[in-house]
Amino acid sequence: MIRTALIAGCLLAAASPVLAGPTCSPSDDSARILASASPSNLHRDYRGANHVGLGWSLQVERSTHDASGTAYYIGDLYSPTGELAKRNVFAIENEWDCGP
């Protein structure tokens, strides 16, 4: 019985996503969601009136820089209800707070 519980626990742990980096929130309501590492390449689902507010979060997987030195986060975007909204979006690093 204990062995079965240990095996089930290991399988559950293996199926859980591994969080790669910090979870961040927008610094203000002007944070942009991008399709690539370019400040002008807004993600098609987050243009115009469609934008993220302060309740959204970004689970950072990695970061990158463009040729001008602008730093970007790459990760998964979550709605204020905690639901996954988009995978692998780009965000400008200085538009997000990733503190404790």
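Rounding to the nearest 0.5 angstrom, the gap separating the NE2 atom in H43 from the OG atom in S36 is 10.5 Å. In this structure, I33 CD1 and R44 CZ are separated by 14.0 Å, a value rounded to the nearest 0.5 Å.
In this structure, R32 contributes its side chain and P39 its backbone to a donor-acceptor pair below 3.5 Å.
Counting heavy atoms from C-beta on, the side chains of L34 and L42 come closer than 4.5 Å. Contact of the L58 side chain with the Y78 side chain is not registered, since no non-hydrogen atoms from C-beta on lie closer than 4.5 Å. Annotation: side chain of D45 is in contact with side chain of K86 (closest heavy-atom distance under 4.5 Å). Looking at S25 and W56, their side chains never come closer than 4.5 Å, going by heavy atoms from C-beta outward. The side-chain heavy atoms of F90 and D66, taken from C-beta on, include no pair separated by under 4.5 Å. The closest side-chain heavy-atom distance from E61 to I74 is not below 4.5 Å. Side-chain contact between L77 and Y46 is present, with heavy atoms from C-beta onward closer than 4.5 Å.
No side-chain donor-acceptor contact under 3.5 Å links S27 and E95. A side-chain N or O of S79 and one of T81 form a donor-acceptor pair less than 3.5 Å apart.
Qualifying side-chain hydrogen bond (donor to acceptor under 3.5 Å, both in side chains) partners for N88, counting only residues two or more places apart in sequence or in other chains: none.
The minimum heavy-atom distance between P26 and D97, with the atom names listed, is O-OD2, 4.3 Å. Taking all atoms of both residues into account, the shortest heavy-atom contact from W96 to A91 is NE1-CB, 3.2 Å.
Each of I92 and Y73 belongs to its own hydrophobic cluster when Ile, Leu, Val, Met, Phe, Trp and Tyr are linked at side-chain heavy-atom distances under 4.5 angstrom.
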